[in-house]
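Data first, discussion second: the structure below is written as structure tokens.
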Amino acid sequence: MNASGQDGRFDNHDPVYLGLYCTPQCAGMAAPASRPEDAPRGCRTQRAGAWVFKRRYRSEQEIPVKLREDASTSWYWCEESCGAIHVGHTRMGEQEKFRMFEDLAADLPDLLVKLRGQATRKQVAEVAGVRPMRLKELEEGLKHPEGLETLGKVLRVYRVRLGVAMPTQ
């Protein structure tokens, strides 16, 4: 499918499945649905009252920079149907005030990379008073004994506070 969601092809490039394979068979998956109505929910969306395929990206680099850098945007590999990357939710133009973490090990590194934006790890680490390697470990989800202390310093630089949503009775 091209970026406009029209013909099942990728912007005049050959399709790529799961970022590695040239055919669904090579990727070990069934052929993707040919009609949006037959695709699973993660592979389609409603626009103007009709089901259409979500835009498909072959790699994270194909996702527009504006979306990739926005902290409210998430994306995922569509392993159940087309083998491409889809953008999940995004609140472009709105400032995100609260974010829920479903999988702390995956969501926290993603948030830290997006908060850093165009700054280098070295720049952020210098302002936070931590070693760049410690910031890299946080962004890649690697464990280190100084991890929570480093996280606190980095979040202060980003002016971000952690919170939790407590269940109500």
Side-chain angles (χ1 to χ4, degrees), residues 1-48 50-94 96 99-125 132-144 147 150-151 154 158 160:
M1 172 191 305
N2 67 16
S4 65
Q6 302 278 326
D7 63 3
R9 305 292 281 174
F10 293 91
D11 287 333
N12 300 322
H13 299 287
D14 292 330
V16 175
Y17 299 89
L18 303 176
L20 298 170
Y21 305 99
C22 61
T23 66
Q25 294 78 19
C26 288
M29 52 191 298
S34 58
R35 298 177 339 133
E37 297 81 19
D38 299 331
R41 180 63 182 96
C43 198
R44 63 184 176 153
T45 189
Q46 273 202 321
R47 290 195 191 120
W51 286 110
V52 296
F53 285 111
K54 287 186 174 182
R55 289 188 176 94
R56 297 177 183 176
Y57 301 100
R58 297 177 298 170
S59 69
E60 289 181 13
Q61 290 76 22
E62 286 188 348
I63 299 171
V65 172
K66 186 174 182 177
L67 286 174
R68 274 197 329 258
E69 291 181 352
D70 186 279
S72 73
T73 303
S74 69
W75 52 85
Y76 58 92
W77 283 100
C78 182
E79 295 176 7
E80 66 179 317
S81 181
C82 70
I85 296 176
H86 296 303
V87 171
H89 69 83
T90 183
R91 294 183 198 91
M92 292 295 292
E94 297 178 27
E96 186 175 28
R99 174 183 277 212
M100 295 295 294
F101 291 102
E102 300 296 326
D103 178 0
L104 190 61
D107 295 341
L108 185 60
D110 177 62
L111 175 66
L112 292 172
V113 169
K114 288 177 180 176
L115 288 171
R116 182 164 49 86
Q118 297 296 317
T120 66
R121 287 181 178 143
K122 183 177 180 181
Q123 292 168 329
V124 172
M133 177 56 96
R134 297 296 165 247
L135 179 55
K136 179 181 178 186
E137 290 168 347
L138 285 174
E139 289 181 355
E140 293 180 1
L142 302 175
K143 293 180 175 39
H144 188 274
T150 302
L151 177 62
V154 170
Y158 294 142
V160 171

Which heavy atom of [X] sits nearest to which heavy atom of [Y], and what is that distance?
{"X": "Ile63", "Y": "Arg68", "value": "O-NH1, 2.7 Å"}
{"X": "Arg55", "Y": "His86", "value": "O-ND1, 3.0 Å"}
{"X": "Gly42", "Y": "Lys54", "value": "O-CD, 3.6 Å"}
{"X": "Leu67", "Y": "Trp75", "value": "O-CZ3, 4.2 Å"}

Checking [X] side chain against [Y] main chain: does a donor-acceptor pair fall under 3.5 Å?
{"X": "Arg121", "Y": "Leu135", "value": "no"}
{"X": "Glu62", "Y": "Arg58", "value": "yes"}
{"X": "Arg47", "Y": "Ala50", "value": "no"}

(request) Tell me, with the steps shown, if Leu115 and Val124 meet side chain to side chain contact (heavy atoms under 4.5 Å, CB included). (result) CA-CA 10 Å; Leu115 288 171; Val124 172; over 6 Å; no
(message) Is it true that, when you exclude Tyr21 itself, more than 12 heavy atoms of the residues, nucleotides or ligands shown sit nearer than 6.0 Å to its OH?
(response)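 Open.
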Donor-acceptor pairs under 3.5 Å, side chain of residues 24-39 to any protein atom, not counting sequence neighbours: which ones?
residue	atom	partner	partner atom	Å
Arg35	NE	Asp38	OD2	2.9
Arg35	NH2	Asp38	OD1	3.2

(message) Which residues pass the salt bridge (charged side-chain N to carboxylate O under 4.0 Å, His left out) test with Glu137, not counting sequence neighbours?
(response)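 Per chain and number, Glu137 pairs via salt bridge (charged side-chain N to carboxylate O under 4.0 Å, His left out) with Arg134.
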(message) I need the Trp51 CH2 to Arg41 CZ distance, nearest 0.5 Å.
(response)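 Taking CH2 in Trp51 and CZ in Arg41, the distance rounds to 4.0 Å.
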